[in-house]
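Only one structure is covered here, and it is reproduced in the block below.
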Amino acid sequence: MEKEKKIKPTKELPAGFEDRQEKELLIRDFVISNIKEIMINYGFQYLETPSFEYTESIGKFLPDKDRPGEGVFSFKDENKWLSLRYDLTAPLARYVAKNFNKIPKPFKRYQLGTVWRNEKPGPGRYREFLQFDADYVGTKNLQADAELCILISEILEKCGLDKDDYTLKISSRKFTEKLFEKLNIKSKDQVLTILRALDKIERLGWDEVQKLLGKGRKDKSGDYTKGANLNIEQIKIIENALKNETPENDDVLEIIKIFNAYNFKNFKFDPSVIRGLEYYTGPIFEVNLNFEVKNSKGKAIQFGSIGGGGRYDNLVSNFGNLDYPATGISIGLDRLVFALMQKKDFSLKTVRPIMICVFNKNNTNQYIEILNKLRKANISSEIYPGEGKLKKQMEYANKIESPGVIFYGEDEIKKGEVKLRNLKTGDESSIKIENLTNEIKKLI
RNA sequence: GCACGGGUAGCUCAGUUGGUUAGAGCAGCGGUUUGUGGAACCGAAGGUCGACAGUUCGAAUCUGUCCCCGUGUACCA
């Protein structure tokens with residue numbers, strides 16, 4: 001043994017994984033309880049599936065490699081690859097295929113769960129995050145699609161967003177299909193490149209996207225992206241098609257008709273909505289926030305969409321011969337919470353305990369007596385959990401934002417009363433023990 | 001993946017053209033009246049300067065490789 005070094009374990013977290021503190025968690029709880037209420041209201045069933053699936057079940061099996069594709073966290077278990085789920089839709093398809101004879105048809109379910117993506121994290125983008133997902137499986141009725149849009153709006157507004165804080169955009173895969181016909185483009189590669197370029201309009205603007213449709217584009221850092229090599233006439237055709245504010249597609253028109261029946265108005269037809277590449281087959285939806293979101297250093301960041309979805313009519317059929325249509329929508333809850341935290345008029349009250357100071361350990365029994373009284377009255381409370389002088393105890397109480405501390409030292413015990421100090425005002429008063437809980441309730 | 005910028009104390013950062021004992025603020029610890037917090041004072045402590053290799057009499061500082069973080073970009077079911 002030559003150089004036996006003391007190895008300190010790192011305190012850093014893997015990239016894209018975050019500790020989450022109380023404020024964020026409370027807002028998250030608030031969001032989740034709103035979601036549950038609305039989902040019940042809309043008649044959805046609640047479902048949970050495991051974090052791990054067989055890699056092949058969630059569509060990540062690459063037959064020519066012995067390792068699953070990047071993008072998922074995987075490990076090999078007894079010769080079979082397992083992966084952490086990367087969304088809740090793939091597990092739903094698996095669930096439906098597995099339980100096909102049990103479930104009602106159509107099947108409406110919602111799910112809340114953590115998903116993992118093994119990719120480069122960015123501002124507001126993590127590798128572990130909470131997703132909400134609602135789907136209709138087994139119906140081609142576009143009322144399902146329409147209801148999903150209405151429902152997602154209702155969720156956002158119930159969580160405190162105003163109508164103009166977000167934009168719900170709808171389009172359809174049929175729009176781009178038609179466009180490619182018009183352009184006479186058949187190469188699959190070129191189609192994909194064009195779709196990817198169009199997907200960036202929101203972020204980069206038309207001028208930059210135009211470069212991506214043509215030769216290519218150099219970004220701020222000097223990195224170069226190859227374009228789709230369209231000619232000027234073709235780009236012009238796309239530009240004109242995108243300007244078309246009135247949808248021509250049957251499915252979008254139908255959905256808008258249904259929106260009208262629901263008296264739902266807060267949506268926009270936007271043909272530049274692309275989302276995913278091969279997965280969707282019909283109408284697609286996306287929700288973007290309209291207010292600025294900042295990172296931890298106060299810098300405004302590109303926030304992207306907080307949710308979206310669409311119709312995917314052949315996902316379930318991958319598991320067998322079932323031809324089974326579906327449509328779904330999902331929200332990235334952590335991102336929504338992150339944004340909500342920055343809405344200036346948004347705050348949730350956190351409950352902090354009343355603290356009983358420790359003067360003398362011999363009086364612990366008396367302290368506990370008071371503590372029990374408070375806790376029985378449902379008042380969050382604690383005996384100072386550390387060791388040390390009063391000053392230190394006060395500093396602690398201040399740090400945890402306790403609304404008040406109780407002094408119950410020798411003098412007070414003798415008199416049968418306690419001293420209650422309001423930590424916001426600094427006021428202090430002597431109170432008979434019988435009146436204590438009432439006095440404290442006034443203070444919190 | 002590609003491009004650019006960073007890794008110095010628990011945290012935020014300073015560190016001149018390479019020069020010997022690497023600095024500050026905050027936090028923490030100990031005091032300043034052993035019963036009173038929300039930026040009071042004093043003191044001590046705290047670092048293989050991201051890792052490894054190289055150049056040099058001498059490296060936090062220069063070179064190379066790697067790792068990690070940030071931002072943009074690409075990919076993204």
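Reminder, nothing fancy here: chain letters follow the sequence lines and each chain counts from 1. Please read all numbers here as calculations on a predicted model, not as lab measurements.
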Practice task
Answer yes or no: is there an ion pair linking A/Arg173 with A/Asp251, defined by an N-O contact shorter than 4.0 Å?
Solution key: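 Judged by the 4.0 Å cut-off on N to carboxylate O distance, A/Arg173 and A/Asp251 do not form a salt bridge.
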So what does [X] touch, heavy atoms closer than 4.0 Å: a base, only the sugar-phosphate, or nothing?
| X | answer |
| --- | --- |
| A/Lys200 | sugar-phosphate |
| A/Glu401 | nothing |
| A/Lys399 | nothing |
| A/Ile406 | nothing |

Atom [atom1], compared across [N] and [M]: separation rounded to whole Å:
| N | M | atom1 | answer |
| --- | --- | --- | --- |
| B/G64 | B/G23 | C1' | 30 Å |
| B/G47 | B/A14 | C1' | 15 Å |
| B/G6 | B/C75 | P | 28 Å |
| B/U56 | B/U17 | P | 23 Å |
| B/G7 | B/A51 | C1' | 11 Å |
| B/A60 | B/G18 | P | 13 Å |
| B/A27 | B/A39 | P | 9 Å |
| B/A45 | B/G31 | C1' | 14 Å |

Exercise for the section: Produce a footprint string for nucleotides 38-45 of chain B: one letter per nucleotide, 5' end first; B if the base is under 4.0 Å from any protein heavy atom, S if only the sugar-phosphate is, - if neither. Expected result: B-B-----
Practice task
Compute whether any side-chain donor of one residue and acceptor of the other, for A/Asn290 and A/Thr167, lie under 3.5 angstrom apart.
Solution key: yes
Exercise for the section: Check whether the side chains of A/Tyr136 and A/Glu147 place a donor and an acceptor atom closer than 3.5 Å, and report yes or no. Expected result: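 There is such a pair (donor and acceptor under 3.5 Å, judged by atom type) between the side chains of A/Tyr136 and A/Glu147.
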Handout entry: Check: A/Thr281 side chain, A/Asp313 main-chain N or O, donor-acceptor pair, under 3.5 Å
Key = yes
Handout entry: Backbone N/O of A/Thr114 and side chain of A/Arg85: donor-acceptor pair under 3.5 Å
Key =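 Between the backbone of A/Thr114 and the side chain of A/Arg85 there is a qualifying donor-acceptor contact (under 3.5 Å).
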Starting from [atom2] on [N], measure out to [atom1] on [X] and report it in whole angstrom.
| X | N | atom1 | atom2 | result |
| --- | --- | --- | --- | --- |
| A/Tyr384 | B/G37 | OH | C1' | 12 Å |
| A/Tyr280 | B/C76 | OH | C1' | 12 Å |
| A/Lys120 | B/C4 | NZ | C1' | 11 Å |
| A/Leu390 | B/G37 | CG | C1' | 10 Å |
| A/Phe17 | B/C69 | CZ | C1' | 16 Å |
| A/Tyr126 | B/G70 | OH | P | 10 Å |
| A/Arg127 | B/C68 | CZ | P | 10 Å |
| A/Tyr396 | B/A27 | OH | C1' | 17 Å |

Practice task
Taking only the side-chain nitrogens and oxygens of A/Arg203, find out if one of them lies under 4.0 Å from OP1 or OP2 of B/A74.
Solution key: yes
Could you state the interatomic distance from [atom1] ([X]) to [atom2] ([Y]), rounded to the nearest 0.5 Å?
| X | Y | atom1 | atom2 | answer |
| --- | --- | --- | --- | --- |
| A/Leu213 | A/Ile238 | CG | CD1 | 5.0 Å |
| A/Ile150 | A/Gln143 | CD1 | CD | 8.5 Å |
| A/Asn229 | A/Asp189 | CG | CG | 11.5 Å |
| A/Lys211 | A/Ile235 | NZ | CD1 | 12.0 Å |

Minimum-distance nucleotide (side-chain atoms of [X] versus [options]):
| X | options | result |
| --- | --- | --- |
| A/Lys389 | B/C69, B/C76, B/G31 | B/G31 |
| A/Met394 | B/A74, B/G35, B/U36 | B/U36 |
| A/Lys392 | B/G30, B/A77, B/U36 | B/G30 |
| A/Arg196 | B/U73, B/C75, B/G35 | B/C75 |
| A/Glu119 | B/G35, B/A77, B/A74 | B/A77 |

Please confirm whether any donor atom in the side chain of [X] sits under 3.5 Å from an acceptor in the base of [N], or the reverse.
| X | N | result |
| --- | --- | --- |
| A/Glu412 | B/G35 | yes |
| A/Glu428 | B/U36 | yes |
| A/Arg125 | B/C76 | yes |

Paired with [N] by Watson-Crick or G-U wobble geometry, both distances under 3.5 Å: which nucleotide is it?
| N | value |
| --- | --- |
| B/U63 | B/A53 |
| B/A77 | none |
| B/G5 | B/C69 |
| B/A14 | none |
| B/U32 | B/A40 |

Completion exercise
The answer to which of A/Asn422 and A/Thr225 contacts RNA chain B further toward the 5' end, by nearest nucleotide, is A/Asn422
Handout entry: Residue whose nearest RNA chain B nucleotide is more 5′ - A/Ala15 or A/Trp116
Key =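 Upstream on the strand: A/Ala15.
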Problem - ring-ring contact (aromatic ring centres under 6.0 Å, His included) involving A/Phe407 - partner list, sequence neighbours excluded - result: none
